[in-house]
Participant: 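Attaching a single structure in structure tokens format; questions to follow.
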Amino acid sequence: MTRLSTYFLPTERDPPADAEALSHKLMVRAGLIRQVGAGLWTWLPAGWRVHQRVVQIVREEMNAIGGQEILMPVLQPAELWRRSGRYGIEELFKLQDRRGADMVLAMTSEEVVTTHVAAAVKSYRDLPLTLYHFQTKERDEPRPRAGVLRTREFIMKDSYTFDRDPEGLEANYQKHVVAYDRMMDRCGLEWYRVEADVGMMGGTGAHEYMAPCPAGENEVAIAPGYAANVEVASAEPQPVQLEPPRDAPEIVSTPGMTTIDAVASELSLPAGALLKAFPIVLDGDEMRLVVLRGDHRVNEIKLQNALGAPFRPAHPEEVAARLGPPGYIGPVGAQMPILLDQGVSPGPYVAGANQPDAHLRGVEPGRDFNYEAVDVRAVVPGDRINGATLRIEPAIEVGNIFKLGTRYSKPLGANYLDESGHEQLIWMGCYGFGPARAAAAAVEQYADEQGISWPRAIAPFDVELVTLGKEGSEERAYADQLYGLLMELGLDTLYDERDAGPGEKFIDAELLGCPLRVTVGRRTMGAGEVEVQIRRGREKTSVLLDDAAEEIAALWRGLP
RNA sequence: CGGGGAGUAGCGCAGUCUGGUAGCGCACCCGGCUGGGGGCCGGGCGGUCGCAGGUUCAAAUCCUGUCUCCCCGACCA
């Protein structure tokens, strides 16, 4: 029985003063969530129904690919995390029990699940295996924000696959691709599966499931047939007009001009006709000079991946000592390896001369300096890929899938014996999905001026039934009866029988955003009809009194 | 971690500069009217002004410290 007069659905006329993101404002206003502290949220009844609907979709798809649901604890011994090498992570909540033993609050469960598998799995006959759970995750985020989009505590579905070899892992990974594609579709989201950075975990491949929306914290580079996180995206740069070639570099005086823009405007050239030099220092004080087109920027994640090692930008003193005056450095004559971005096409460029107040023009890569080609440029909108134009959109990361390899099986001793009796490491994958983010993404993607407009599959209720009649009226009696019929047909119905004005009821209903709003009032009843509003698009239609429930159910089945 | 902002009733805010009995709108409670887009009239309830200390005859207001929250950036297995 879900009668609004007794249901805990505290709606608000005003959004929280400091809320910025649309989903944050609307989910609070609609009475779905309430804040407890920074990045800590309570899910109220209607909000929790949405969350649970997403969870059920995810559960069904995981089961469909052979996943087996388990439950692992949030509180875990620090020892496991020391063994896996993750104890030092700053986001990890750390605490002690009464005996002083170090504990952690899990941000994911690789350590625990791998330990169980290591203990139980002995033979190749026990593999492959897919285990998953829905469990609270704890992360000491430096900056929680935007309602439930980025929180310190949240529920995540995390699954883990265990295979004999890379081929097995690949097969399980592809199964997850299928399952995740379906989860995103079934949640009614617009989404992209994008190539992702494997990050510090050093896995062998990763994709993210991104839901584009203005509040998204990630940027996705998209072109027909291509989608990648900008952190790893590659594309052809837009062409640039270069100077005529010269037989050899010529010095040009550029006093006081230490920026690309200043030199470009002095020589009346586009910034892209210059070379930008980005000196970096690797572990052990080795220097490298990264060179890219003047109008391009370094993507530090791509650079780190290209180097295969961490780096830092060189300090000005190091630049002055090893190359030349900062603002005037360039690749010609540089006494260090040069990494040339592949966005620099052949031709004559203007570059720093490694001496005060001077640049060189007519510098040609290959002729005037040797280099190693790398791809370290940040892509920008307008770049080309497969002949199409690239665009960049903000998006929410709802899920990610990741090939771990033997990252955890090695330190935690997860081995098996193969057919010939040899001990082998288990190959693992891990896969995350955030129901709260899926819900927030749906709010972001479909909300309008009036409020939320849920996809049918994850709405808190299928139908909101509004009666305008007072207790004892003919309309009220009919609405009571219709409520029962809708429930019998399997439609989850929220019945607004509050003693409130029609305006208030309509506004609350559209704020909450159930796919259908059914109104029983004297006016339409007099005409033998019941009014039905389709929330998305707000189009109104009507059904006959006599078989209203069946017609409403049929309408509902046709909704997105 | 750097920069900016805010803590006064459930929500949104004024009052702080210039110290002098804590206010407004909405919500809520009671009564009545109204009944297809946050309706109207009348009467009410509700706040240790984030916390601690200090100055003062007197502190929401001035001073010191502290906690919390938000936004931008950095960060984001």
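Each chain gets a letter, A, B and so on, in the order its sequence line appears, and its residues count up from 1.
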Participant: Could you run down the sub-3.5 Å N/O contacts of the protein with nucleotides 26-30 of chain B?
Facilitator:
unit_1	atom_1	unit_2	atom_2	d
B/rC26	O2'	A/R13	NE	3.3

Participant: Rounded off to whole Å, could you give me the CD1-to-C1' distance for the A/I301 and B/rC75 pair?
Facilitator: 11 Å
Participant: Is B/rA6 paired to anything, Watson-Crick or G-U wobble with both distances less than 3.5 Å, and if yes, which nucleotide?
Facilitator: B/rU68
Participant: Do any pairs count as a salt bridge (charged side-chain N to carboxylate O under 4.0 Å, His left out) and have a residue in residues 474-485 of chain A, sequence neighbours left out, and if so which ones?
Facilitator: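 Listed by first then second residue: A/E475-A/R522, A/R476-A/D480.
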Participant: Who passes side-chain contact (heavy atoms from CB on, under 4.5 Å) against A/A277, sequence neighbours left out?
Facilitator: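 Once residues adjacent in sequence are excluded, the partners of A/A277 under the side-chain contact (heavy atoms from CB on, under 4.5 Å) criterion are A/L289, A/I329.
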Participant: Quick one: are the ring centres of A/F433 and A/F134 less than 6.0 Å apart?
Facilitator: no
Participant: Any strand is fair game: report the nucleotide pairing with B/rC33 by Watson-Crick or G-U wobble, both distances under 3.5 Å, or none.
Facilitator: B/rG39
Participant: Under a 3.5 Å cut-off for both contacts, is B/rG53 paired Watson-Crick or G-U wobble with anything, and if yes, with which nucleotide?
Facilitator: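 Pair assignment: B/rG53 / B/rC63.
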Participant: Identify which nucleotide among B/rG37, B/rC69, B/rG36 has an atom closest to any side-chain atom of A/K540, counting heavy atoms from C-beta outward.
Facilitator: B/rG37
Participant: Can you name the nearest heavy-atom pair linking A/T136 to A/E153, along with the distance?
Facilitator: CG2-CG, 3.3 Å
Participant: Pick base, sugar-phosphate or nothing for A/P15, based on heavy-atom distances below 4.0 Å to the nucleic acid.
Facilitator: sugar-phosphate
Participant: Specify the separation, in whole Å, of atom CG of A/L465 and atom P of B/rG36.
Facilitator: 17 Å
Participant: Output a table of nitrogen or oxygen pairs between the protein and nucleotides 1-7 of chain B separated by less than 3.5 Å.
Facilitator:
none

Participant: By a strict heavy-atom criterion of less than 4.0 Å, which residues belonging to residues 436-448 of chain A are in contact with RNA chain B?
Facilitator: none
Participant: Holding to salt bridge (Lys or Arg N to Asp or Glu O under 4.0 Å), I want the full list of residues that pass it with A/E551, two or more places apart in sequence or in another chain.
Facilitator: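 A/E551: no salt bridge (Lys or Arg N to Asp or Glu O under 4.0 Å) contacts found.
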Participant: Under the rule for salt bridge (Lys or Arg N to Asp or Glu O under 4.0 Å), what residues qualify as partners of A/K175, not counting sequence neighbours?
Facilitator: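 A/K175 satisfies salt bridge (Lys or Arg N to Asp or Glu O under 4.0 Å) with no residue once adjacent residues are dropped.
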Participant: As a test of reading the structure: which of B/rG37, B/rC11, B/rC71 is closest to the side chain of A/E20, going by heavy atoms?
Facilitator: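 Of the candidates, B/rC71 comes closest.
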Participant: Picking from B/rG38, B/rG12, B/rG37, which would you name as closest to the side chain of A/D508?
Facilitator: B/rG38
Participant: Which part of the nucleic acid does A/E510 contact within heavy-atom distance under 4.0 Å: base, sugar-phosphate only, or nothing?
Facilitator: base
Participant: Does A/D462 have any salt bridge (Lys or Arg N to Asp or Glu O under 4.0 Å) partners at least two apart in sequence or in another chain, and if so, which?
Facilitator: A/R53
Participant: Under the salt bridge (Lys or Arg N to Asp or Glu O under 4.0 Å) test, which residues partner A/E110, sequence neighbours left out?
Facilitator: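 Salt bridge (Lys or Arg N to Asp or Glu O under 4.0 Å) check on A/E110 returns A/R86.
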Participant: What ring-ring contact (aromatic ring centres under 6.0 Å, His included) pairs are there with at least one residue in residues 8-39 of chain A, not counting sequence neighbours?
Facilitator: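 Only A/H24-A/W41 qualify under ring-ring contact (aromatic ring centres under 6.0 Å, His included).
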Participant: Measure up the A/Y180 and A/H176 rings against each other and bin them: parallel (under 30°), tilted (30 to 60°), perpendicular (over 60°).
Facilitator: tilted
Participant: Under a 3.5 Å limit for both distances, which nucleotide forms a Watson-Crick or G-U wobble pair with B/rG25, could you say?
Facilitator: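 Because both required distances fall under 3.5 Å, B/rG25 counts as paired with B/rC11.
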Participant: Counting the atoms with a prime plus P, OP1 and OP2 as sugar-phosphate, which does A/D140 contact under 4.0 Å by heavy atoms, base, sugar-phosphate, or nothing?
Facilitator: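 Counting heavy atoms under 4.0 Å across all strands, no contact is made by A/D140.
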Participant: For A/A500, answer base if it contacts any base atom (sugar-phosphate contacts may also be present), sugar-phosphate if it contacts only those atoms, and nothing otherwise; contact means non-hydrogen atoms under 4.0 Å.
Facilitator: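 A/A500: base contact, heavy atoms under 4.0 Å.
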Participant: Name all pairs fulfilling the side-chain hydrogen bond (donor to acceptor under 3.5 Å, both in side chains) condition that reach into residues 207-219 of chain A, sequence neighbours left out, sorted by first residue then second.
Facilitator: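 Residue pairs with at least one partner in residues 207-219 of chain A: A/R145-A/E217, A/R150-A/E217, A/Y173-A/H207, A/D181-A/Y209, A/E208-A/N229.
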Participant: Looking at B/rG37, I'd like to know if its phosphate oxygens (OP1 or OP2) sit under 4.0 Å from a side-chain N or O belonging to A/Q450.
Facilitator: no
Participant: Which part of the nucleic acid, if any, lies within contact of A/K137, taking any heavy atom under 4.0 Å across all strands shown: a base, the sugar-phosphate backbone alone, or nothing?
Facilitator: nothing
Participant: Side chain of A/R145 only, heavy atoms from C-beta on: which candidate in B/rG37, B/rC72, B/rG12 is closest?
Facilitator: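 For A/R145, the side-chain atoms sit closest to B/rC72.
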Participant: Does anything in residues 9-37 of chain A pair up under salt bridge (charged side-chain N to carboxylate O under 4.0 Å, His left out), and if so which pairs, sequence neighbours excluded?
Facilitator: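 Applying salt bridge (charged side-chain N to carboxylate O under 4.0 Å, His left out) to every pair that reaches into residues 9-37 of chain A, excluding sequence neighbours, yields A/E12-A/R34.
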Participant: Check every atom of B/rG38, B/rG12, B/rG37 against the side chain of A/R29 and return the nucleotide holding the closest atom.
Facilitator: B/rG38
Participant: Describe the nucleic acid contact of A/Q35 in one word from base, sugar-phosphate, nothing, applying a heavy-atom distance below 4.0 Å.
Facilitator: sugar-phosphate
